[in-house]
Amino acid sequence: MAEYKKTAMPVTREDDYPQWYLEVIKAAELAENSDVRGCMVIKPWGYTIWENMQRELDQSFKDTGHTNAYFPLFIPLEYLQQEADHVEGFAKECAVVTHHRLSLNGDGKLVPDGKLEEPLVIRPTSETIIGASYAKWVNSYRDLPILINQWANVVRWEMRTRLFLRTTEFLWQEGHTVHATKAEATEETHKMLYVYKEFAENVLAIPVIQGEKTESERFPGAVSTYSIEAMMQDKKALQSGTSHFLGQNFAKASKIKFQSKEGKEEFAWTTSWGVSTRLIGALIMAHSDDNGLVLPPRVAPAHIVILPIYKDDSERETVMNYIEDIKLEVAKQRFFERKIVLHVDDRDIRGGEKNWYWIKKGVPLKIEIGPRDVEKNTISVVKRTDPGLKKNFILKEEFINCLVETLTNMQNEMYEKANSFLKENTYEINDYAEFKKIFTPKNEEKPEIHGCFARSHWCGSSKCEDAIKEELKVTVRNIPFTEKQCEGNCIYCGGKSSKRVIFAKSY
RNA sequence: CGGGGUGUGGCGCAGCCCGGUUAGCGCACCUGCCUUGGGAGCAGGGGGUCGGAAGUUCAAAUCUUCUCGCCCCGACCA
């Protein structure tokens, strides 16, 4: 079968990557901009992906001893005030509630009324409000550790927004833990980063680089911040999850104190960690192609879509009966402990249109079944991961028997493909001229896909970091755990360096 | 907050400079026929107080003033 001449997306990745990203979201019906500036409506297909992510992550959190709870959306202004760096980091992007009532004015317009004595801040993150509770709950070393997660929405008043990647309101989970010792808190920070790494790689099929953030990219108020960084198809980095070791900073701010075994009063050690709906953006940009969304089976809202083909009622009955049999067989199976979701699209629209609709939505397996298949006991199946979207006619039994294996293979292939891409676009760069060349687009007006993950030496000074950022918009994504100690010279100033870091452009 | 742009059925646009029939086109939508294994075709149909307010005029989508929204570029960011 010939390759498609035309792609389903009006623009390709090569043409205009940012535009392509928006088209994929639109075509797959993941989300849309709402009337509220900077906020998005997550549509059912997109939200189901999020639910699938939530389920997997939530299980991992439970497996590592955490439980869920819920804390208020509103934070008293004074709470936010308690930690100096935290204030500085978040103050300029906080939404503030100043009134608690609406009244009709003379013109019949609703106006805010009932001014609050103390304004309330809508949480940009919850360290302070959760800390206030923890301060009450913790008295003795016997009360520790506290291992709590919350699924919530947060608001950060951003200047410029992009669907899923940066919106004013977004959904996330934030884990907040309290420990008696520094070592235990440090361990927790790393443990949860690893949970994120495993999730990204095994469930989302996105390879990531674990590492520590530099001082300039650190969470406001944290002692150290760690991240997983993923490479998108335009070779830019996307921070996909973060874990923070907060030391005793927030414990001091919120007065989380306990009496130790030795009877001494001590401040506790805290951590926090989170991933957000941004991961959906990562998913899109890591796997999708010029025909739309491509989803790893483990988070796809549906694994299989069946398009029945018939001309009249009699054929319809034959085909639908055949499909019923397949549904029964599929219902018996599980893919990673989850029911296999099979959708039959029997809408009365043209076959071609229907066909493309599901390609754009990224369903892993698309099956067409017509009278000829019923006769021959076959089905026609197209794997979304196949670049040519080739139709394969196989026996029904073969399809049923190999279903889980097929999905597993697709999941693995997606990871391998993304991993090769990451490897092929990660270079060791030691010379600034070369560094500059690779990070400079040929077309400054509308930059083409360029750049890479550069493994380069860095002296550790934020001056060099800032200078590179200023000149090339390239930053240190993180300092990977896997980088070995090795002597070298800073890519920018030539000063001494003992380790390579990952430089890249980022979202 | 600085610089630029733009508002006309659900979406994308034309018309505006030079006021004048019933404001048009493509896509989408609805109905019928026909089709259905790679994005159909034909016929008919519904939907707009032209972002808002004031003004000029016999007459305003079109001219004037004010106002609001949105988009892009810069400083900030998971």
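All chains are named by letter (A, B, ...) in the order of the sequence lines, taking the proteins before the strands, and each is independently numbered beginning at 1.
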Query raised in the report: Of all the nucleotides listed (B:U36, B:A78, B:C76), which has the minimum atom distance to the side chain of A:Ile309?
Result: B:U36
Report task. Please check if the side chain of A:Glu32 supplies one atom and the backbone of A:Lys43 the other of a donor-acceptor pair under 3.5 Å. Result -> no
**Report entry** Separation between the C1' atoms of B:A60 and B:G55, rounded to whole Å
**Finding:** 11 Å
Requested in this report: Please determine if A:Arg13 forms a cation-pi arrangement with A:Tyr21, meaning its NZ or CZ atom is less than 6.0 Å from the six-membered ring centre and no more than 45° off the ring axis.
Outcome: no
Report task. Enter the distance from A:Lys469:NZ to A:Phe503:CZ here, rounded to the nearest 0.5 Å. Result -> 12.5 Å
Query - Inter-nucleotide P distance (B:U8, B:U62), Å rounded - result: 14 Å
Query raised in the report: For the atom pair CZ (A:Arg162) and OG1 (A:Thr167), what is the distance rounded to the nearest 0.5 Å?
Result: 12.0 Å
Query raised in the report: A:Pro18 near the nucleic acid: base, sugar-phosphate alone, or nothing, with a heavy-atom cut-off under 4.0 Å?
Result: nothing
Report task. Answer yes when A:Asp289 and A:Arg384 have at least one side-chain N-carboxylate O distance shorter than 4.0 Å, and no when they do not. Result -> yes
Requested in this report: Hey, which sits more toward the 5' end of RNA chain B by its nearest nucleotide, A:Gly351 or A:Thr242?
Outcome: A:Gly351
Report summary line: RNA chain B in dot-bracket form (Watson-Crick or G-U pairs under 3.5 Å, [ ] crossing, | inter-strand) is ((((((((.[[[[.)....(...]]]].(((((.......))))).....[[[[[..)....]]]]])))))))....
Query raised in the report: Between A:Phe453 and A:Lys235, is there a cation-pi geometry (under 6.0 Å to ring centre, at most 45° from the normal)?
Result: no
Query raised in the report: When we call it a touch if two heavy atoms are under 4.0 Å apart, what does A:Thr167 touch: a base, just sugar-phosphate, or nothing?
Result: base
Report task. Pick the C1' atom in B:G20 and in B:A59, then give their distance to the nearest Å. Result -> 7 Å
Report task. Check every strand shown and say whether A:Phe170 touches a base, only sugar-phosphate, or nothing at a heavy-atom separation below 4.0 Å. Result -> base
Query raised in the report: Which residues within residues 310-321 of chain A lie with some heavy atom under 4.0 Å of an atom in RNA chain B?
Result: A:Tyr310, A:Lys311
Requested in this report: Could you tell me whether A:Leu307 contacts a base, only the sugar-phosphate backbone, or nothing, with contacts defined as non-hydrogen atoms closer than 4.0 Å?
Outcome: nothing
Requested in this report: Before accepting this row, confirm whether a basic side-chain N of the pair A:Arg156/A:Glu169 lies closer than 4.0 Å to the acidic partner's carboxylate O.
Outcome: no
Requested in this report: Spell out yes or no: do the side chain of A:Asn355 and the base of B:G37 have one donor N/O and one acceptor N/O closer than 3.5 Å?
Outcome: no
Query raised in the report: For B:C71, does either OP1 or OP2 sit under 4.0 Å from a side-chain N or O belonging to A:Arg160?
Result: no
Query raised in the report: Looking only at side-chain N and O atoms, does A:Arg350 come under 4.0 Å of OP1 or OP2 in B:U36?
Result: no
Query raised in the report: Rounding to the closest angstrom, what is the interatomic distance between B:G46 and B:G52 at atom P?
Result: 24 Å
**Report entry** Pair A:Glu23 + A:Lys360, salt bridge at N-O below 4.0 Å
**Finding:** no
Query raised in the report: So is A:Lys361 actually on top of A:Trp45's ring, under 6.0 Å and inside 45° of the axis?
Result: yes
Query raised in the report: Counting only side-chain N and O atoms of A:Arg37, is one of them less than 4.0 Å from OP1 or OP2 of B:G69?
Result: no
